[in-house]
Amino acid sequence: MRIIIAPAKKMVLDTDSFPVEGLPAFLERTERLKTALQGMSPKELQALWKCSDAIAKLNAERLAHMDLRRRLTPAILAYEGIQYRYMAPGVMEAAQLDYLREHLRILSGFYGLLRPFDGVTPYRLEMQAKLPADGFRDLYEFWGGSLAQKLAGETGLVLNLASKEYSRAVEPYLSKSVRFVTCIFGEWKNGKVTESGAKCKMARGQMVRWLAEHQITGRAEIRAFDQLGYRFHPELSAEECDVFLKA
């Protein structure tokens, strides 16, 4: 089983907590994206990033001095969003970190597909960004089926805990021999399941932690998840979709 999650916009540099264990698998492609970004003006970059002046300035400075091979942070510690705070890898035990090392993969518009302890540097590039590179219109075209192919070479079951923006870079390209199971975390309101962005991120991070704590490797075991008030609802679920509702 491989668990896929999205990155977070906010990133930090941490070269002390855990050692970097390798470089990202698609680093040569990342170099090409870096070159494309460095060829853009500050105004073009801010429009691509859709951010404030302060955030644009910070990331333009990062880009100007970017080194993809030195002073790197393990990917699992580099992202600082809600999901990562609930996952809390910094306080995991060795067995739980081993589980992440084997089963967790982070999707990235810049790096493609990351193992938890691949070394990364702070960047800003969402998967849905309209960045033309190597003759492709955007990042979905740029990455194509390469991320799905990499996952398919590792597993026959992909557990999707990523947002639609990121899972869209994988799901359409997977062969039928690989099961793709999406977890939905919601609440029952007005006769339907409704999802909240922040609560979904919390639940995804908590589920990754729970999976690591219990060393879960099979589809049936996933449905026992009961953290943050969520329970599995078989009547709302389907073959490729598990629905968890908050009580």
Side-chain angles (χ1 to χ4, degrees), residues 1-10 17-18 74-107 113-117 151 154-168 170-171 174 178-247:
M1 182 175 77
R2 293 294 180 270
I3 307 155
I4 58 171
I5 62 174
K9 291 179 184 177
K10 187 176 181 181
S17 298
F18 293 140
I76 196 67
L77 295 181
Y79 299 105
E80 242 195 6
I82 296 172
Q83 180 173 2
Y84 291 82
R85 291 201 295 272
Y86 273 75
M87 196 190 317
V91 294
M92 280 187 174
E93 297 175 357
Q96 296 161 6
L97 293 172
D98 285 342
Y99 177 92
L100 297 189
R101 189 177 281 110
E102 173 70 18
H103 298 284
L104 186 68
R105 299 294 180 265
I106 303 169
L107 298 171
L113 191 68
L114 293 164
R115 296 166 298 182
F117 294 94
L151 285 167
E154 298 181 5
T155 186
L157 171 62
V158 174
L159 179 63
N160 175 31
L161 296 180
S163 61
K164 290 180 181 179
E165 173 190 351
Y166 284 90
S167 61
R168 182 183 150 198
V170 171
E171 185 178 13
L174 283 174
V178 180
R179 296 193 68 187
F180 188 85
V181 178
T182 297
C183 288
I184 293 175
F185 301 97
E187 296 176 80
W188 187 258
K189 291 183 179 179
N190 301 320
K192 62 179 182 180
V193 176
T194 61
E195 299 174 82
S196 160
K199 289 180 180 179
C200 285
K201 291 174 182 177
M202 293 175 189
R204 289 167 183 157
Q206 189 69 31
M207 176 172 266
V208 172
R209 166 165 278 280
W210 178 84
L211 292 169
E213 288 173 347
H214 293 83
Q215 303 286 299
I216 301 297
T217 58
R219 169 77 185 278
E221 300 168 285
I222 294 166
R223 294 172 170 177
F225 177 74
D226 60 356
Q227 305 289 291
L228 303 180
Y230 287 96
R231 295 291 185 276
F232 173 66
H233 282 252
E235 74 282 5
L236 298 172
S237 302
E239 185 178 352
E240 305 304 334
C241 176
D242 284 346
V243 177
F244 297 84
L245 296 185
K246 201 172 182 68

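Since we're looking at a predicted model, the values are computed, not measured. Residue numbers count from 1 along this sequence.
- Each side-chain hydrogen bond (donor to acceptor under 3.5 Å, both in side chains) pair with one or both residues in residues 231-247, not counting sequence neighbours, appears once here: Arg219-Asp242, Arg223-Asp242, His233-Glu235.
- Contacts classified as side-chain hydrogen bond (donor to acceptor under 3.5 Å, both in side chains) and involving residues 183-194 (residues at least two apart or in different chains) are given here: Glu187-Lys199.
- Under the rule for a salt bridge (Lys or Arg N to Asp or Glu O under 4.0 Å), Asp226 has no partner lying at least two apart in sequence or in another chain.
- Shown here are the side-chain hydrogen bond (donor to acceptor under 3.5 Å, both in side chains) partners of Ser196, two or more places apart in sequence or in another chain: there are none.
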Sequence neighbours excluded and cut-off under 3.5 Å, please list the side-chain donor-acceptor pairs for residues 82-89, or say none.
from  : atom 1 : to    : atom 2 : distance (Å)
Tyr84 : OH     : Ala6  : O      : 2.7
Arg85 : NH1    : Glu80 : O      : 3.2

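- Once rounded to the nearest 0.5 Å, the distance linking CG of Leu104 with CD1 of Ile5 reads 4.5 Å.
- Taking all atoms of both residues into account, the shortest heavy-atom contact from Val193 to Ile184 is CG1-CG2, 4.3 Å.
- Every residue two or more places apart in sequence or in another chain that forms a side-chain hydrogen bond (donor to acceptor under 3.5 Å, both in side chains) with Thr182 is listed here: Asn160.
- Residues Leu100 and Val208 form a side-chain contact, since some pair of their non-hydrogen atoms from C-beta on lies under 4.5 Å apart.
- Minimum interatomic distance between Phe244 and Cys183 (heavy atoms only, all atoms of both residues): CE1-SG, 3.9 Å.
- To the nearest 0.5 Å, atom CG of residue Leu107 and atom CZ of residue Arg168 are 13.5 Å apart.
- For the pair Ser167 and Ala162, the tightest heavy-atom approach, listed with the atom from each and the gap, is N-CB, 4.2 Å.
- Not counting sequence neighbours, the partners of His214 by the ring pair (Phe, Tyr, Trp, His ring centres under 6.0 Å) test are Trp210.
- Thr217 OG1 to Ile222 CD1: the interatomic distance, rounded to the nearest 0.5 Å, is 9.0 Å.
- Between Gln227 and Phe225 the shortest side-chain heavy-atom distance falls below 4.5 Å.
- Put simply, NZ on Lys201 and CG on Leu161 are 14.0 Å apart, with the number rounded to the nearest 0.5 Å.
- Remark: Glu93 pairs with no residue by the side-chain hydrogen bond (donor to acceptor under 3.5 Å, both in side chains) rule, at least two apart or across chains.
- Within the structure, every pair that satisfies the salt bridge (charged side-chain N to carboxylate O under 4.0 Å, His left out) test and touches residues 204-217, not counting sequence neighbours, is listed here: Arg209-Glu213.
- Closest non-hydrogen pair, Leu151 versus Ile4, comes out as CD1-CG2, 3.8 Å.
- A donor-acceptor pair under 3.5 Å is formed between the side chain of Tyr99 and the backbone N or O of Ile216.
- Listed here is the closest heavy atom pair of Tyr230 and Ala203: CE1-CB, 3.8 Å.
- No donor-acceptor pair under 3.5 Å is formed between the side chain of His103 and the backbone N or O of Ile3.
- Evaluation of the side-chain hydrogen bond (donor to acceptor under 3.5 Å, both in side chains) rule for Tyr79 yields Tyr123 as partners, not counting sequence neighbours.
- Evaluation of the ring pair (Phe, Tyr, Trp, His ring centres under 6.0 Å) rule for Phe180 yields no partner, not counting sequence neighbours.
- Atom CG of Leu97 and atom CD1 of Ile76 lie 8.5 Å apart (nearest 0.5 Å).
- Every residue two or more places apart in sequence or in another chain that forms a salt bridge (Lys or Arg N to Asp or Glu O under 4.0 Å) with Arg2 is listed here: Glu102, Glu154.
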